[in-house]
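First up is the structure itself, then whatever we jot down about it.
All values derive from a computational prediction rather than experimental measurement. Here, residue 1 is the first one in the sequence, and each next residue gets the next number.
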Amino acid sequence: MSTQEPSFEQRVWLVIDAIPRGSVSSYGDIALLAGHPRAARQVGRILKHLPQHSQLPWHRVISQQGKISLSGERGILQSDILRQEGIEVSDAGSVNMKRYRWRP
């Protein structure tokens, strides 16, 4: 019987799924926790290709600077969901990383 390790994409999903309600993490943090510290952009690509009705809390992933990277309706949706979880999001789409960053 062969025990296959999860792919990077699967590890990214697991890390994102672990981010608690009311907290955020950066693309770089996710990459680091998933085993590839220099793969922040790849984390973004993985999130971009999530299935339409995924239950993964994608909205809890923002830039290292605490900014929402998405624009338009998706950025507004992300801000709204974060606010519903009790996270303060500025009108410019920024989150205080010192206050809300998840540190497992």
Side-chain angles (χ1 to χ4, degrees):
M1 182 182 287
S2 155
T3 306
Q4 189 176 8
E5 286 198 30
S7 68
F8 177 66
E9 181 177 43
Q10 291 167 328
R11 290 192 310 268
V12 165
W13 295 339
L14 291 170
V15 172
I16 293 171
D17 195 44
I19 303 170
R21 181 179 176 85
S23 296
V24 295
S25 193
S26 72
Y27 296 96
D29 290 342
I30 302 299
L32 176 67
L33 291 168
H36 290 280
R38 300 181 60 88
R41 287 180 190 249
Q42 190 173 351
V43 170
R45 279 194 233 57
I46 290 168
L47 285 174
K48 183 177 181 179
H49 293 99
L50 282 178
Q52 180 82 21
H53 299 289
S54 170
Q55 297 298 309
L56 203 65
W58 61 268
H59 59 278
R60 296 179 186 151
V61 183
I62 60 177
S63 77
Q64 194 79 21
Q65 296 77 31
K67 295 181 181 177
I68 291 175
S69 301
L70 301 173
S71 60
E73 289 182 26
R74 294 291 287 171
I76 293 168
L77 176 63
Q78 186 175 16
S79 293
D80 289 346
I81 297 171
L82 290 174
R83 287 184 181 117
Q84 289 171 14
E85 291 190 0
I87 296 172
E88 294 176 24
V89 181
S90 74
D91 290 341
S94 293
V95 172
N96 182 331
M97 289 297 275
K98 288 183 181 178
R99 181 172 179 187
Y100 295 105
R101 186 182 223 161
W102 174 58
R103 296 282 188 183

Could you tell me the separation between the [atom1] atom of [X] and the [atom2] atom of [Y], rounded to the nearest 0.5 Å?
X     : Y      : atom1 : atom2 : answer
Glu73 : Asp80  : CD    : CG    : 11.0 Å
Gln84 : Arg21  : CD    : CZ    : 8.0 Å
Gln42 : Leu47  : CD    : CG    : 11.0 Å
Ser23 : Tyr100 : OG    : OH    : 9.5 Å

Indicate the atoms forming the closest heavy-atom contact of Ala31 with Ala40, along with that distance. CB-N, 3.8 Å

Taking all non-hydrogen atoms of both residues into account, name the closest pair between Phe8 and Ala34 and its distance. CE1-CB, 3.6 Å

Under the 3.5 angstrom rule, does the side chain of [X] hit a backbone N or O of [Y] as a donor-acceptor pair?
X     : Y     : answer
Ser79 : Gly75 : yes
Ser63 : Lys67 : yes
Gln78 : Val61 : yes
Arg11 : Pro6  : yes

Any side-chain heavy atom of [X] sitting closer than 4.5 Å to one from [Y]?
X      : Y     : answer
Asn96  : Glu88 : no
Glu5   : Gln10 : no
Met97  : Ile62 : yes
Trp13  : Ser54 : no
Ile16  : Ile30 : yes
Arg101 : Ser26 : yes
Arg60  : Glu85 : yes
Ile46  : Tyr27 : no

Determine, using the 4.5 Å side-chain heavy-atom cutoff (strictly less than), whether [X] and [Y] are members of one ILVMFWY cluster.
X     : Y     : result
Leu32 : Val12 : no
Leu50 : Ile19 : yes
Leu77 : Leu70 : yes

Worked check of side-chain contact (heavy atoms from CB on, under 4.5 Å) between Asp29 and Gln64: CA-CA 8 Å; Asp29 290 342; Gln64 194 79 21; 4.1 Å; yes

Do other residues, nucleotides or ligands put more than 12 heavy atoms under 6.0 Å from Arg83 CZ? yes

Just do the side-chain contact (heavy atoms from CB on, under 4.5 Å) check on Ile87 and Val24 with the steps written out, would you? CA-CA 9 Å; Ile87 296 172; Val24 295; 3.7 Å; yes

